[in-house]
Amino acid sequence: MDSDSLSAIREAAIDYFTRSASIGRCRALAEQPGNNHAAGWAEMAALGWAGMLAPESADGLALDLAGAAEVLRAAGEHVAPEPLLAVAGLSALLLTRLEAAPAQALLAELVAGRCLPALAWQESAGDLSGVPLDCGCEPGPQGGVLLQGEKLMVLPGAAASGWLVSARGDEDTVLLWVPRGTAGVTESLVPLVDGTQAATLRLDRVALPAAAVLAQGPTAQDALRRALAEGQILQAAELLGTGQAMLAQTLAYLRTRTQFGKPIGAFQALQHRAVDMFIHLEVARATLDEVLAIAGDAAGIAIERLEAEASRVNARCTAAALQASRSAVQLHGAIGYTEECDLSLFYKRTLRLSAWLGNTTTHQRRYALLAEGTSRSEAAVAWDGEFPRTADWGAIPEREFRHMVRAFLQQRYPAPLRYLSHRARWSEMRDWYLTLSAQGWIAPAWPQAHGGMGLPADKMIAWIEELEQHGVARAPDQGIVMIGPLLIQHGTPAQQQRFLPRILSGDHVWCQGYSEPNAGSDLAGLRTEAIQARDAEGDHFIVNGQKIWTTLAQDANHIFMLVRTDRDAKKQEGISFLLCDLSTPGITIRPIHTLAGEPEFCEVFFDNVRVPAENLVGKLHGGWTIAKALLGFERIFLGSPKQSQYALGQLARLAQSRRLFADPVFMQRYTALRLDVADLSAAYAGFANIVKAGKPLPASVSLLKIWASETYHRIGALLVEASEEQGAIAGDVDVDGQPFNALSPLIGSTSAMIYGGTNEIQRNILARQVLDLPA
Ligand SMILES: Cc1cc2nc3c(=O)[nH]c(=O)nc-3n(C[C@H](O)[C@H](O)[C@H](O)COP(=O)(O)OP(=O)(O)OC[C@H]3O[C@@H](n4cnc5c(N)ncnc54)[C@H](O)[C@@H]3O)c2cc1C
């Protein structure tokens with residue numbers, strides 16, 4: 001379904017929930033639990049939503065999963081009390097897959113809103129398998145069946161017209177329809193925290209006619225498992241909706257509630273908590289988008305993959321909504337703890353949805369069992385094709401693309417440079433840089449017109465993952481990831497022709513001169529000065545001042561820098577952006593050793609340095625705009641899953657060598673981090689697509705840098721812990737024949753939370769520019 005259709009569905013849903021005062025209906029339900037939703041359900045059926053997932057042949061709307069997810073997300077945002085997920089979701093998803101006439105007749109009744117079948121599948125707490133164990137059926141009188149057993153958490157409780165029951169038959173699963181009122185069925189209603197109900201069903205030698213059998217065998221089992229997995233994806237959408245609504249309510253409150261003479265939203269502690277709610281929800285949204293695209297793959301996906309993806313997105317959205325619910329109450333103060341505040345309805349709905357159909361831990365556990373890739377494949381890849389310099393990369397299947405990249409790395413990447421634990425120097429990486437350059441693969445994200453590969457976002461992620469899995473070190477790359485893309489966007493044609501080919505060829509190695517001793521987070525406070533001058537050789541600038549923390553300046557031959565060109569203008573308005581050859585007289589570079597003991601960054605001193613006027617990028621005094629554009633590239637680069645992938649790969653290496661995957665505690669923590677990285681990739685892909693489309697990056701890109709560096713840090717911490725005593729060893733140890741350094745990701749990640757604008761500054765940006773909180 002295209003994005004316009006999805007927006008139309010969302011608008012229609014929001015319009016209905018608003019008009020019908022859904023929140024008020026939810027409140028009525030909370031005050032009078034067990035209300036059977038009759039009026040609301042009839043309206044929803046009239047709108048077609050009872051049959052939103054049913055095919056047109058059954059008078060349904062035939063929405064795909066992404067369309068239905070929009071309805072459920074809107075339902076979450078308005079705490080709709082009607083059993084959309086239970087009936088229009090789970091039951092309809094199951095019946096739609098069954099061809100038998102009784103199933104189709106039941107689907108028609110469901111679509112018309114006359115029947116609310118409830119799916120009765122679960123037999124024990126925390127079960128996600130969908131395989132009936134105790135509930136069984138056997139041949140009964142007159143060709144019918146006898147049903148015996150118990151089912152838990154059957155929603156929507158008393159509102160159900162009957163039950164779609166899964167049972168163990170002679171050989172395999174059987175699906176049966178048990179209408180309400182059938183003898184032998186005892187229903188115990190269980191009140192749920194949000195005023196809705198579940199039922200526990202006791203089925204005691206329930207006699208059913210042969211026509212009650214809707215499906216059996218592998219068809220029944222597959223239909224049930226798919227319906228459950230897709231239902232879990234829809235539930236994730238509903239949870240995302242509740243979380244987003246709680247964030248919106250909290251932001252509105254932060255902007256209006258006043259204490260100490262100002263809106264409480266001006267307090268940084270609260271801003272940062274609100275930002276964290278936002279980040280978790282945005283990552284959840286990106287994950288949902290990605291999983292919906294995977295699940296909607298027309299070619300059909302294997303059930304195990306579908307279940308793994310359902311668990312991935314359910315775990316993510318559940319965690320994000322729960323985190324939002326807790327912060328929302330805290331940020332409201334006492335009013336948030338009252339029943340009269342609408343937040344209470346969202347809080348309790350989130351609790352109910354989080355517990356039903358598997359909680360975060362249960363889904364993480366299933367993901368670990370089902371998803372491929374716990375072990376890293378080191379097997380040599382056979383590749384008898386060419387390594388093309390350029391191609392329509394988007395048209396190449398991902399598997400083939402990965403094979404090609406992996407084979408290239410295996411053949412060409414120097415083995416001694418795998419898994420380096422220090423920041424690689426130019427002298428070490430130069431040959432590899434030139435190999436990539438000769439191949440035409442040195443600038444994967446640049447457009448092909450400028451000599452890059454022009455990779456689309458999904459291939460870019462595959463590229464990053466393959467390089468990380470092979471342990472490829474990061475070459476000095478400020479030319480490729482920063483100044484190159486900036487010149488493509490803001491440079492003159494002459495600057496592009498002069499500098500871009502030399503970046504690609506490795507002739508120019510760049511470093512970034514932004515920070516100064518007294519201009520760190522407050523970058524606009526910089527004082528390095530450039531004064532315009534003219535002599536016989538032409539217009540130029542004379543630069544004086546000092547830069548600091550300049551990464552690998554000692555290896556670079558060029559620096560791009562921010563300088564003050566107007567001392568009297570307002571801070572940001574007197575800054576210009578210059579390109580400078582580091583061999584120009586008057587420049588001194590002094591390396592500084594990092595906490596890891598490496599000379600990774602430098603001080604750079606400028607003493608009457610002459611810079612030609614044609615090296616000005618953008619307008620004179622217009623450098624702040626250019627600097628911000630560059631920070632956008634930097635943030636997306638720093639927000640890439642690269643470092644986390646690398647650290648996760650190291651963790652997997654260690655775990656394999658020490659058999660840690662057999663330890664359930666380790667496995668749980670490893671899986672949570674693995675999901676953090678997978679979902680980081682989903683968020684990254686969204687922003688990478690914006691860049692690819694040539695659009696400016698929104699300020700929300702800051703969330704990527706925060707999520708990426710903090711994920712990297714969490715992995716680094718587990719790596720040290722899992723290394724036991726080796727976690728304190730200085731330098732490399734040997735793990736299965738390759739160097740391994742337990743400390744380097746942890747130490748590296750501490751700096752990742754500082755450089756490129758600290759994570760506190762990124763949170764400030766998100767609070768002000770994205771969440772519109774007051775100063
Ligand atoms: C490994 C590494 C490589 C680097 N490479 C480069 C490079 O190549 N080129 C370059 O120009 N710079 C580089 N930097 C510098 C980097 O950009 C700065 O360190 C960063 O912007 C922070 O500035 P600062 O270190 O002066 O910290 P400060 O600005 O002094 O911050 C100190 C603490 O105060 C917090 N803080 C400051 N202001 C606020 C606020 N308004 N609200 C909340 N918290 C606040 C910060 O988050 C931080 O926790 C690098 C840094 C590192 C660590």
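First listed ligand is number 1; within each ligand, the first listed atom is number 1.
- Given atom 13 (C) of ligand 1, the protein heavy atom at minimum distance is W549 O, 3.0 Å.
- If you look at Q268 next to ligand 1, the close heavy atoms, those under 4.0 Å, all belong to the side chain.
- At the top of the distance list for atom 52 (C) of ligand 1, counting protein heavy atoms only, stands Y755 CB, 3.6 Å.
- Here the protein heavy atom with the shortest distance to atom 44 (N) of ligand 1 is E760 CB, 3.6 Å.
- Across L616, N544, L578, I531, a single residue satisfies side-chain contact (heavy atoms from CB on, under 4.5 Å) together with V563, and that is L578.
- Within the 4.0 angstrom cut-off, atom 33 (C) of ligand 1 has no protein heavy-atom neighbours.
- Checking atom 7 (C) of ligand 1 against the protein gives a heavy-atom contact under 4.0 Å.
- From the protein, the heavy atom lying nearest to atom 9 (N) of ligand 1 is Q512 O, 2.8 Å.
- Taking the ring centre of Y419 as origin, the terminal cationic atom of R653 falls inside the region bounded by 6.0 Å and 45° from the ring axis.
- Residue I761 has at least one heavy-atom neighbour below 4.0 Å for each of these atoms of ligand 1: 38 (N), 39 (C), 40 (C), 41 (N).
- Within the 4.0 Å cut-off (strictly below), a protein heavy atom is located near atom 3 (C) of ligand 1.
- A salt bridge does not link E516 with R527: none of the charged nitrogens is closer than 4.0 Å to a carboxylate oxygen.
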**OP:** List the steps and the verdict of side chain to side chain contact (heavy atoms under 4.5 Å, CB included) for Q512 and T550.
**Re:** CA-CA 6 Å; Q512 178 190 23; T550 320; 5.6 Å; no
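- At the top of the distance list for atom 48 (C) of ligand 1, counting protein heavy atoms only, stands T758 CG2, 4.1 Å.
- Atom 30 (O) of ligand 1 is never approached by the protein to below 4.0 angstrom, counting heavy atoms only.
- Close approach to T550 involves these atoms of ligand 1, each under 4.0 Å from a residue heavy atom: 7 (C), 8 (O).
- Checking only distances, H272 never comes within under 3.5 Å of ligand 1, N or O to N or O.
- Take F601 and apply the ring pair (Phe, Tyr, Trp, His ring centres under 6.0 Å) test, not counting sequence neighbours, and it matches W549.
- N764 ND2, 3.5 Å is the protein heavy atom nearest to atom 41 (N) of ligand 1.
- A salt bridge is absent between E428 and R425: the closest approach of a Lys/Arg side-chain nitrogen to an acidic carboxylate oxygen does not fall below 4.0 angstrom.
- Neither the backbone nor the side chain of N759 has a heavy atom within less than 4.0 Å of ligand 1.
- Within the set A553, S515, G756, the minimum heavy-atom distance to atom 10 (C) of ligand 1 is found for S515.
- Protein heavy atom at the shortest distance from atom 37 (C) of ligand 1 is S521 OG, 3.5 Å.
- Under 4.0 Å from ligand 1, the heavy atoms of F601 that appear belong solely to its side chain.
- The residues E598 and R423 are annotated as not salt-bridged, no charged nitrogen and carboxylate oxygen being separated by less than 4.0 angstrom.
- Each of the following atoms of ligand 1 lies closer than 4.0 Å to a heavy atom of G520: 21 (O), 23 (O), 24 (P), 26 (O), 29 (O).
- One N or O on the side chain of K705 and one on the backbone of G757 form a donor-acceptor pair closer than 3.5 Å.
- For the pair Q271 (side chain) and P774 (backbone), a donor-acceptor distance under 3.5 Å is present.
- Closest to atom 20 (C) of ligand 1, if we only count protein heavy atoms, is I754 O, 3.7 Å.
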Sequence neighbours excluded and cut-off under 3.5 Å, please list the side-chain donor-acceptor pairs for residues 431-438, or say none.
residue: Y433; atom: OH; partner: I503; partner atom: O; Å: 2.8
residue: T435; atom: OG1; partner: D431; partner atom: O; Å: 2.8
residue: S437; atom: OG; partner: L504; partner atom: O; Å: 2.7

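- Looking at E465 and K642, no side-chain N of the basic residue comes within less than 4.0 Å of a carboxylate O on the acidic one, giving no salt bridge.
- Remark: ligand 1 and Y514 share an N or O pair separated by less than 3.5 Å (distance only, no angle test).
- Between E573 and K619 no salt bridge is recorded (no basic side-chain N to carboxylate O distance below 4.0 Å).
- Partner of N615 under the side chain to side chain donor-acceptor pair (under 3.5 Å) criterion, out of R498, H558, Q495, H540: R498 alone.
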